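Structure, as structure tokens:
Worth saying up front: this structure is predicted, and the values here are computed from it rather than measured. Every chain is numbered from 1 and lettered A, B, ... according to where its sequence line falls, protein lines coming before strand lines.
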Number of protein chains: 2
Amino acid sequence: MENEKIDIAIVDDHTLFRSGLASLLSEFKEISVIFEAKNGVDLQEKIKNEANVQVILMDINMPIMDGYDTTKWIKANYPRVHILALSMFEDEKAIIGMLKAGAGGYMLKESKPSELLTAVKTIVEKGFYINDLVSGRLLISLKNENPKATFSEKELIFLQFCSTELTYKEIASEMNISPRTVDNYRESLFAKLNIKSRTGLVVYGIKHNLITI
Amino acid sequence: MENEKIDIAIVDDHTLFRSGLASLLSEFKEISVIFEAKNGVDLQEKIKNEANVQVILMDINMPIMDGYDTTKWIKANYPRVHILALSMFEDEKAIIGMLKAGAGGYMLKESKPSELLTAVKTIVEKGFYINDLVSGRLLISLKNENPKATFSEKELIFLQFCSTELTYKEIASEMNISPRTVDNYRESLFAKLNIKSRTGLVVYGIKHNLITI
DNA sequence: ATTTAACAAGGTATTTTTACGGTAACACGA
DNA sequence: TCGTGTTACCGTAAAAATACCTTGTTAAAT
């Protein structure tokens with residue numbers, strides 16, 4: 001009954017990786033790579049004609065439309081398509097984020113090809129593929145559930161400004177609010193994160209990908 | 001005369017990328033992938049038995065031993081082997097760094113397979129492959145050649161402390177010098193980098209890998 | 001209907017950071 | 001020997017950052 005090949009698609013902005021992976025996977029008799037896309041928007045176009053795709057291997061960091069948004073869109077429009085996230089990093093935020101967005105599994109790009117094959121087959125059979133990476137992080141994330149580390153839109157904008165050389169007064173004028181309000185954002189972040197200086201805020205922001213430098 | 005295949009090796013820590021690329025390249029009749037390595041140390045081992053390798057496709061960011069050090073080592077021990085850097089990012093520092101280390105070319109992972117083939121063939125023929133990416137950055141780098149951006153040992157240590165929540169007074173006591181001396185380091189860095197705040201210093205340090213967070 | 005959270009703002013005081021002035025010892029190469 | 005760079009230190013004053021107090025509006029949640 002399991003005679004037919006699994007139809008998969010690859011979404012990744014790096015052509016060499018995408019084509020390489022396609023070439024690699026085509027060596028497995030169980031798998032057929034039916035199309036590739038270089039980002040979410042590209043995928044939205046191509047999936048129209050290939051709606052029978054079963055599994056999409058999805059990169060997370062892509063220009064134009066990233067893995068999170070693309071996964072959400074796929075799950076909203078083609079709910080029966082399985083998504084397997086493929087990432088370079090063992091990043092807790094990324095893992096949780098992709099699973100929340102609707103991915104059925106998360107794998108590192110440093111995995112062995114045979115493990116990828118296993119993952120693809122498992123995700124088709126069961127709808128998900130939970131490896132040690134995912135299960136471990138899920139537990140950690142549940143344990144460390146920190147309700148305090150949630151930031152408002154304004155706080156995140158302010159945090160971004162913190163990494164510049166603007167003084168708080170200048171940030172206030174950039175944000176079109178009073179310096180005192182900026183002070184509130186700062187104090188609120190300090191309290192939430194148990195941080196005591198702008199420097200600490202910046203380092204925290206960079207570490208947790210809240211600030212892009 | 002050019003009948004023989006070009007023997008190449010791939011060094012990258014991501015197995016899926018490495019194997020995928022090998023699979024892809026093996027489709028080209030002009031190329032033969034003779035071995036793969038997952039980092040510099042791994043390469044040092046494997047090249048012993050494969051000294052006839054002509055081109056090494058080298059990733060930059062790898063654990064254990066990165067692309068820069070590996071390239072330098074190769075050039076010191078196997079000077080006739082050509083190195084083609086393969087990177088995810090169009091990063092000026094990375095481009096210049098790899099070329100300085102001895103690489104003959106620099107390509108993005110989002111390049112097309114055919115361009116990679118051209119690069120490999122060119123690098124074997126001429127010893128280098130200069131695409132728009134590299135040529136443009138080389139000029140920029142020459143223009144921006146900034147002799148002031150050189151730091152003393154103490155300044156670098158101080159810079160590292162800047163990314164903590166310690167005040168300058170506390171940093172001084174950590175470094176066993178007077179607060180006024182710490183002030184000199186700060187002022188000297190500000191002047192050299194045209195920066196006006198501790199925040200700017202920290203962001204600069206992180207951006208240029210002078211600070212590890 | 002009341003609480004809660006985000007947003008906005010004012011006042012006051014202290015600490016830290018930053019700017020700018022100067023001096024001196026020491027090593028190193030020209 | 002002369003300069004140059006590095007390290008090291010002192011003082012003063014202004015600007016910025018931080019701490020702690022307060023009030024109010026709005027919208028969502030309960």
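To the nearest angstrom, C1' of C:dT17 lies 8 Å from CZ of B:F190. Following rounding to the nearest Å, B:I195 (CD1) and C:dT17 (C1') show an atom-to-atom distance of 15 Å. Look at CZ on B:R186: it is 10 Å from C1' on C:dT16, rounded to the nearest Å. Atom P of nucleotide C:dC20 and atom CZ of B:R180 are separated by 12 Å, given to the nearest angstrom. One can place NZ of A:K196 at 19 Å from C1' of C:dT17, the figure rounded to the nearest angstrom. Computed from coordinates, the B:K154 NZ to D:dG5 C1' distance equals 15 Å when rounded to whole Å. As rounded to whole Å, 10 Å separates atom P of D:dC21 from atom CD of A:E187. Atom CZ in B:F158 sits roughly 13 Å away from atom P in D:dA8 (whole-Å rounding).
The side chain to side chain contact (heavy atoms under 4.5 Å, CB included) test with A:I8 is passed by exactly one of A:I56, A:L25, A:I123: A:L25.
Here the closest non-hydrogen pair linking A:G67 and A:M62 is N-CE, 3.7 Å.
Salt bridge status for A:K109 with A:D59: present, with a side-chain N to carboxylate O gap under 4.0 Å.
Side-chain atoms of B:N184 come within donor-acceptor range of the base of D:dC9, with a qualifying N/O pair under 3.5 Å.
Side-chain atoms of B:D66 come within 3.5 Å of backbone N or O of B:D69 as a donor-acceptor pair. Within the 3.5 Å criterion, the main-chain N or O of A:I34 finds no donor-acceptor partner in the side chain of A:S32. Side-chain atoms of B:T164 do not come within 3.5 Å of backbone N or O of B:Q160 as any donor-acceptor pair.
Aromatic ring orientation, B:Y185 versus B:F158: tilted (interplanar angle from 30° to 60°).
Distances shown here put every side-chain N or O of B:T181 at or beyond 4.0 Å from the OP1 or OP2 atom of D:dT7.
At a threshold of 4.0 angstrom between heavy atoms, the contacts of A:E155 with the nucleic acid are absent. A:S188 comes within 4.0 angstrom of nothing in the nucleic acid, heavy atoms only. As judged by a 4.0 angstrom heavy-atom cut-off over every strand, A:R198 is placed among residues touching the sugar-phosphate backbone only.
Listed by residue number, B:I177, B:S178 are the residues of residues 159-178 of chain B with a heavy-atom contact under 4.0 Å to DNA chain D.
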